[in-house]
J.: 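What follows is a single structure, and I will ask about it in a moment.
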Amino acid sequence: MDRRGRRILGRRSGEIARKRLKLLLVADKTNCSPEFLEMIKDDIAGVVSKYMEIDSGEIEVGLTKTFFHGISDCVPVLYTNIPIRCLTCKGII
């Protein structure tokens, strides 16, 4: 394999490792297993992909805690980042 091939594979494996570490940190912080977050991510991808073309390999799902108006304690919040490839592909626009 040439230098360019190793560099591309190295970037990809580094990106994968970074995502896994981020998922583990979120899971640890929220007492939620990485497997559970992965199941949520897969379910969300399945539902959203019915309506638009998405990049399911790049979806990010996480849990955090925040305050809401009228609630004195921090509450868990699920967030997601879903890259959309095309809105018109499923008849949305």
Side-chain angles (χ1 to χ4, degrees):
M1 184 181 306
D2 65 355
R3 293 169 99 191
R4 186 175 146 207
R6 282 190 300 244
R7 188 172 55 218
I8 291 170
L9 288 176
R11 286 183 186 165
R12 182 70 180 144
S13 64
E15 180 182 324
I16 291 169
R18 192 169 31 259
K19 286 181 180 183
R20 286 183 182 161
L21 179 59
K22 186 176 179 181
L23 186 62
L24 286 173
L25 291 172
V26 167
D28 184 54
K29 185 171 76 171
T30 59
N31 294 324
C32 181
S33 73
E35 293 82 14
F36 182 71
L37 287 176
E38 201 60 40
M39 288 179 355
I40 291 172
K41 182 172 102 172
D42 292 342
D43 286 349
I44 289 172
V47 170
V48 174
S49 66
K50 290 179 184 179
Y51 302 98
M52 61 189 74
E53 187 177 325
I54 61 172
D55 188 353
S56 59
E58 295 297 318
I59 293 177
E60 296 177 21
V61 172
L63 290 169
T64 190
K65 294 181 180 179
T66 191
F67 287 101
F68 281 106
H69 180 70
I71 301 175
S72 60
D73 293 330
C74 277
V75 294
V77 175
L78 176 71
Y79 67 89
T80 186
N81 181 8
I82 305 172
I84 299 170
R85 288 185 180 164
C86 182
L87 286 174
T88 59
C89 296
K90 303 280 180 155
I92 300 299
I93 297 176

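Fair warning: this is a prediction, and the values are worked out from it, not measured in the lab.
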J.: Could you give the distance from OG (Ser56) to CZ (Arg85), rounded to the nearest 0.5 Å?
T.: 7.0 Å

J.: Atom CD1 in Ile84, atom CD in Glu58: separation rounded to 0.5 Å?
T.: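 If I round to the nearest 0.5 Å, the distance is 14.0 Å.
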
J.: Could you measure the distance from the CG atom of Leu78 to the CG atom of Leu37? Nearest 0.5 Å is fine.
T.: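 The CG atom of Leu37 is 8.0 Å from CG of Leu78, to the nearest 0.5 Å.
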
J.: Can you name the nearest heavy-atom pair linking Val77 to Phe68, along with the distance?
T.: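 Smallest interatomic distance, heavy atoms only, reads CG2-CE1, 3.8 Å.
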
J.: Mind checking whether Phe67 and Tyr79 sit in one hydrophobic cluster, side chains of I, L, V, M, F, W, Y counted as touching below 4.5 Å?
T.: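 Hydrophobic grouping puts Phe67 apart from Tyr79.
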
J.: Restricting to non-hydrogen atoms, name the atom on Ala45 and the atom on Ile59 that form the minimum distance, rounded to 0.1 Å.
T.: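 In this case the closest contact between Ala45 and Ile59 is CB-CD1, 3.5 Å.
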
J.: What distance do Lys41 atom NZ and Glu60 atom CD have between them, rounded to the nearest 0.5 Å?
T.: 8.5 Å

J.: With heavy-atom distances below 4.5 Å as the criterion, would you say the side chains of Ile44 and Ile82 are in contact?
T.: yes

J.: Return the CD to CD1 distance between Glu35 and Ile40, rounded to the nearest 0.5 Å.
T.: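 Atom-to-atom, Glu35:CD and Ile40:CD1 are 12.0 Å apart.
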
J.: What heavy-atom pair brings Met52 and Cys86 nearest, and what distance separates the two atoms?
T.: CB-O, 3.8 Å

